[in-house]
Amino acid sequence: MYMSLNKATAGLAISLLCTLSAASAGGAEAEPAQWKSTAKASYVRTSGNSDTETLAGELESSFEPEPNRYFLKASVLFAEQNGVESSSRWFLEGRYERAITGRLFGWASLGYLKDKFAGYDSQITFGPGLGYNFIKWEHMSLKGLIGVLYTMDNYVGNREDEYFAGTASVDYRWQIFENLGFRQYAGHRTSLEDTDIFFFKSETSLDVKVRDNLSLGLAYIIDYQNEPPPGSEHTDTRFLTSVVVDF
């Protein structure tokens with residue numbers, strides 16, 4: 001069943017990409033909307049008493065030819081300590097939104113995570129939901145999402161699990177000054193079959209603009225899982241300083 005669902009997921013991903021491509025081509029003719037992207041890069045190297053190397057990157061893209069909206073996010077984190085790999089995390093997510101009313105919208109997403117140090121060879125999630133724009137001003141926004149995601153966990157050690165999960169998240173953004181932006185994201189996902197299986201994510205960030213499309217960023221990220229795979233911790237935290245490029 002797991003393999004058949006993986007094939008179905010691959011088909012869903014291909015269909016989603018084809019839909020994005022077709023909609024992008026059609027929307028570009030009818031709407032003035034364009035893809036907007038933000039790239040972040042962090043690199044830290046220490047030597048001497050401790051030899052460490054950390055590399056982190058993130059890319060977020062959006063295309064919003066109303067009433068359709070498309071969002072893509074990818075991130076990677078890699079670290080070595082004294083020549084031994086100590087972190088390896090890969091994440092990819094695509095989300096489609098369709099406006100229903102002025103503030104209410106429907107959405108569907110497909111996500112992929114690989115983090116062997118958290119216990120996952122892969123974690124695939126996909127499903128639909130509803131969202132609401134509580135605040136949608138020029139310098140401030142607050143978006144909430146709820147939905148149901150089918151989750152396929154492939155744990156390190158070849159153990160597998162599949163279940164439906166309820167999800168809820170909020171995304172708050174505030175352009176405090178022309179050169180200073182703040183963001184707070186919080187998301188929760190709980191298995192509908194076993195409520196002891198749940199995940200929580202928080203991301204707090206500040207971006208300080210130094211040029212029109214160049215900023216310096218600070219981010220503090222918390223990833224929590226209530227029932228981690230054997231050998232993994234409940235909580236991962238990351239503090240990142242980044243160079244941020246908008247294009």
Side-chain angles (χ1 to χ4, degrees), residues 13 16-17 20 24 34-45 52-64 69-81 85-97 107 109-118 120-126 131 141-143 145 149 167 169-176 179-189 199-225 235-247:
L16 177 61
L17 290 174
L20 287 171
S24 299
Q34 296 181 346
W35 280 99
K36 297 180 181 179
S37 299
T38 299
K40 300 181 179 181
S42 305
Y43 178 76
V44 177
R45 175 70 185 269
T52 65
E53 187 174 28
T54 302
L55 174 66
E58 182 179 294
L59 176 66
E60 287 190 88
S61 296
S62 63
F63 180 56
E64 306 184 45
R69 300 188 287 265
Y70 308 89
F71 302 91
L72 295 173
K73 182 175 182 178
S75 65
V76 60
L77 174 69
F78 177 81
E80 283 188 351
Q81 185 168 9
E85 188 180 52
S86 58
S87 184
S88 178
R89 180 184 177 88
W90 304 79
F91 176 76
L92 177 65
E93 181 184 47
R95 188 175 80 251
Y96 165 73
E97 295 180 1
W107 60 268
S109 74
L110 173 63
Y112 171 83
L113 170 70
K114 180 179 178 65
D115 188 345
K116 63 182 182 180
F117 289 93
Y120 298 93
D121 277 333
S122 69
Q123 184 181 77
I124 298 172
T125 60
F126 62 92
S141 66
L142 176 61
K143 176 187 292 188
L145 287 83
L149 297 176
T167 181
S169 64
V170 291
D171 191 350
Y172 174 72
R173 305 186 187 218
W174 179 23
Q175 192 64 37
I176 304 172
N179 65 339
L180 179 62
F182 171 81
R183 181 188 181 188
Q184 175 63 59
Y185 169 86
H188 183 86
R189 187 173 79 250
F199 304 82
F200 174 78
K201 182 182 182 71
S202 171
E203 181 173 347
T204 306
S205 63
L206 278 173
D207 290 339
V208 181
K209 192 177 294 294
V210 294
R211 291 190 176 179
D212 288 343
N213 63 340
L214 183 65
S215 305
L216 297 178
L218 297 174
Y220 184 67
I221 304 168
I222 301 171
D223 282 298
Y224 176 84
Q225 50 181 334
T235 306
D236 278 331
T237 61
R238 305 184 292 281
F239 180 76
L240 300 172
T241 58
S242 308
V243 176
V244 183
V245 180
D246 298 318
F247 57 96

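Note that the structure is predicted; figures quoted are calculated from it, not measured. What's counted below: heavy atoms across the whole structure, side chains too, no hydrogens, waters or symmetry copies.
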S.K.: Under 30°, 30 to 60°, or over 60°: which ring-plane class applies to Y70 and F63, parallel, tilted or perpendicular?
M.R.: parallel

S.K.: Within the 4.5 Å heavy-atom criterion, are S42 and T54 side-chain neighbours or not?
M.R.: no

S.K.: What are the two closest non-hydrogen atoms of L218 and D207, and how far apart are they?
M.R.: N-OD1, 4.4 Å

S.K.: With a 3.5 Å cut-off and no angle check, do the side chains of Q184 and T204 form a donor-acceptor pair?
M.R.: yes

S.K.: Just to verify, what does R45 make a side-chain contact (heavy atoms from CB on, under 4.5 Å) with, not counting sequence neighbours?
M.R.: Y43, D51, E53

S.K.: Give the C-alpha distance, both sets of side-chain angles, the deciding distance and a yes or no for side chain to side chain contact (heavy atoms under 4.5 Å, CB included) between R95 and L145.
M.R.: CA-CA 12 Å; R95 188 175 80 251; L145 287 83; 3.8 Å; yes

S.K.: Out of curiosity, Y185 OH to K143 NZ, how far, rounded to the nearest 0.5 Å?
M.R.: 11.0 Å

S.K.: Quick check: do D115 and D236 have side-chain heavy atoms less than 4.5 Å from each other?
M.R.: yes

S.K.: Any ion pair linking E93 and K201 (charged N to carboxylate O, less than 4.0 Å)?
M.R.: no

S.K.: May I ask you to check whether over 12 heavy atoms, not counting those of W107, lie within 6.0 Å of atom CH2?
M.R.: yes

S.K.: Taking all heavy atoms of E60 and all of E58, pick out the closest pair and write down the distance.
M.R.: OE2-OE2, 3.4 Å

S.K.: For the atom pair NZ (K209) and OG (S215), what is the distance rounded to the nearest 0.5 Å?
M.R.: 4.0 Å

S.K.: Can a salt bridge be assigned to the pair R183 and D171 using a cut-off of 4.0 Å between side-chain N and carboxylate O?
M.R.: yes

